[in-house]
Amino acid sequence: MGDFEWPWEYNFPPFFTIQLHGKTRELQLSVWAGLVLKYFRHNRETQFTIGDESVLFANQQIQRKLSNDGIQLILEELEKSGNAAPVDKKKLQWEIYWHPLDEWGNIIYKWASDNGMANTVCTLFEISQGENSVDEEFYGLDQSVLVKALKTLQAKQKCELFDDQEGVKFF
């Protein structure tokens with residue numbers, strides 16, 4: 001994993017102030033949403049807590065920092081597209097999905113099908129940490145996100161997630 005490449009907007013001071021004009025604000029939130037997804041994907045992270053210091057929302061080089069309200073707006077924008085979900089009722093802790101859960105499920109199902117895992121049982125550890133998944137994008141995926149992705153497959157009757165949520169059978 002190489003260094004993260006920041007877009008030019010990251011060094012543009014007004015980028016760190018949520019704009020008031022409708023179209024400008026819409027474009028700004030879209031750029032922020034894309035940046036958040038790229039950053040989390042690059043770092044293979046899925047968890048974020050509003051209030052935690054993050055280089056993503058604070059550019060020390062230009063001495064600018066996005067407000068917590070601004071971060072909340074961006075996360076809510078990501079929630080609308082299925083790329084984020086709050087973990088707590090206060091909406092301070094969030095999961096970030098660089099693929100929406102349904103898409104994660106499809107990626108995992110394709111891997112399972114391609115590897116002849118239909119009608120077999122495998123552990124969640126095998127999926128996210130196993131030697132057969134080392135080169136997959138979901139390798140190392142947070143177990144909470146993995147379970148939610150598998151639940152989308154279960155709803156389509158493509159798998160059965162066991163009650164202990166440690167194993168799954170693909171169909």
Side-chain angles (χ1 to χ4, degrees), residues 1-2 4 7 26 28-57 66 68-171:
M1 176 171 20
F4 184 73
E26 186 179 311
Q28 179 188 31
L29 290 176
S30 175
V31 173
W32 265 115
L35 174 57
V36 168
L37 294 177
K38 287 177 189 170
Y39 182 84
F40 275 81
R41 182 181 205 165
H42 176 82
N43 291 301
R44 304 188 66 77
E45 296 175 3
T46 60
Q47 306 295 317
F48 181 75
T49 301
I50 294 176
D52 284 358
E53 291 297 318
S54 171
V55 65
L56 175 60
F57 297 111
L66 190 64
N68 287 344
D69 289 341
I71 295 169
Q72 184 80 35
L73 283 172
I74 294 162
L75 294 173
E76 288 171 355
E77 196 70 22
L78 287 167
E79 182 180 21
K80 290 176 192 173
S81 65
N83 290 104
V87 176
D88 65 333
K89 290 182 181 186
K90 292 184 177 183
K91 292 189 169 190
L92 294 176
Q93 296 178 342
W94 289 77
E95 286 182 335
I96 309 295
Y97 317 122
W98 58 88
H99 291 293
L101 293 174
D102 192 51
E103 193 175 318
W104 269 126
N106 292 336
I107 291 168
I108 294 165
Y109 188 77
K110 182 180 181 327
W111 168 81
S113 296
D114 291 350
N115 285 283
M117 296 177 148
N119 296 313
T120 62
V121 175
C122 64
T123 66
L124 300 188
F125 182 84
E126 287 178 87
I127 296 171
S128 67
Q129 304 291 322
E131 58 188 48
N132 288 339
S133 64
V134 169
D135 295 328
E136 301 297 328
E137 188 172 14
F138 55 82
Y139 185 80
L141 187 64
D142 180 84
Q143 186 162 334
S144 171
V145 175
L146 177 61
V147 167
K148 289 173 184 167
L150 291 171
K151 284 182 178 181
T152 69
L153 292 176
Q154 185 170 266
K156 298 176 193 173
Q157 300 180 347
K158 291 183 173 184
C159 78
E160 179 182 352
L161 188 60
F162 297 124
D163 289 337
D164 64 2
Q165 296 187 347
E166 292 296 324
V168 64
K169 181 177 181 179
F170 292 100
F171 305 119

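Remember, it's a predicted structure, so these values are computed and weren't measured experimentally. Numbering of residues begins at 1 and proceeds along the displayed sequence.
Between the side chain of N43 and the backbone N or O of E45 there is no donor-acceptor pair closer than 3.5 Å. Using a distance-only test at 3.5 Å, with no hydrogens or angles considered, a donor-acceptor pair links the side chain of D142 to the main chain of S144. A donor-acceptor contact shorter than 3.5 Å is absent between the side chain of S30 and the backbone of E26. Using a distance-only test at 3.5 Å, with no hydrogens or angles considered, a donor-acceptor pair links the side chain of S133 to the main chain of I127. Looking at N119, its side chain never comes within 3.5 Å of a backbone N or O of F171 through a donor-acceptor pair.
Atom NZ of K110 sits in a sparse spot, with 12 or fewer heavy atoms from other residues, nucleotides or ligands closer than 6.0 Å. By the 6.0 Å contact criterion, CG on D135 is open, its count of non-hydrogen atoms from other residues, nucleotides or ligands being 12 or less. Other residues, nucleotides and ligands contribute at most 12 non-hydrogen atoms within 6.0 Å of the CG atom of D163.
Aromatic rings from Y39 and F48 are positioned such that their centres are separated by 6.0 Å or more. Taking the six-membered ring where the residue is Trp, the centroids of F138 and W111 are separated by under 6.0 Å.
Y97 and A85 get closest at one heavy-atom pair: OH-CB, 3.5 Å. The minimum heavy-atom distance linking F40 with Q47 is given by the pair CE2-O, 3.5 Å. Nearest heavy-atom pair across G167 and D164 is N-OD1, 3.8 Å. Nearest heavy atoms, E126 versus V121: OE2-O, 4.5 Å. Heavy atoms only, all atoms of each residue included: C122 and F170 are closest at SG-CE1, 3.7 Å.
Residues V145 and L101 have side chains in contact (heavy-atom distance under 4.5 Å, counting atoms from C-beta outward). Between E166 and T123 the shortest side-chain heavy-atom distance does not fall below 4.5 Å. By the 4.5 Å heavy-atom criterion applied to side chains, F57 and V36 are counted as neighbours.
For the atom pair CG of L56 and CZ of F4, the computed distance is 7.5 Å after rounding to the nearest 0.5 Å. Rounding to the nearest 0.5 Å places CG of L37 at 7.5 Å from CD1 of I96. Between L146 atom CG and K148 atom NZ the span is 11.5 Å, to the nearest 0.5 Å. With values rounded to the nearest 0.5 angstrom, E136 atom CD is found 7.0 Å from N115 atom CG. We find the CG-CG distance between L75 and L29 to be 10.5 Å, quoted to the nearest 0.5 Å. The NZ atom of K151 sits 11.0 Å away from atom SG of C159, with the distance rounded to the nearest 0.5 Å.
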Item to check | Check against side-chain contact (heavy atoms from CB on, under 4.5 Å), N106 and H99 | outcome: CA-CA 10 Å; N106 292 336; H99 291 293; over 6 Å; no
Item to check | Candidate pair L124 and L150, rule side-chain contact (heavy atoms from CB on, under 4.5 Å), full reasoning | outcome: CA-CA 10 Å; L124 300 188; L150 291 171; 3.3 Å; yes
Checklist entry - Passes side-chain contact (heavy atoms from CB on, under 4.5 Å), W104 versus E137? Steps please. => result CA-CA 9 Å; W104 269 126; E137 188 172 14; 3.9 Å; yes
Item to check | Residues E79, W94; criterion side-chain contact (heavy atoms from CB on, under 4.5 Å); working and verdict | outcome: CA-CA 10 Å; E79 182 180 21; W94 289 77; 3.7 Å; yes
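Between the side chains of E77 and W32, no donor-acceptor pair is found at a separation under 3.5 Å.
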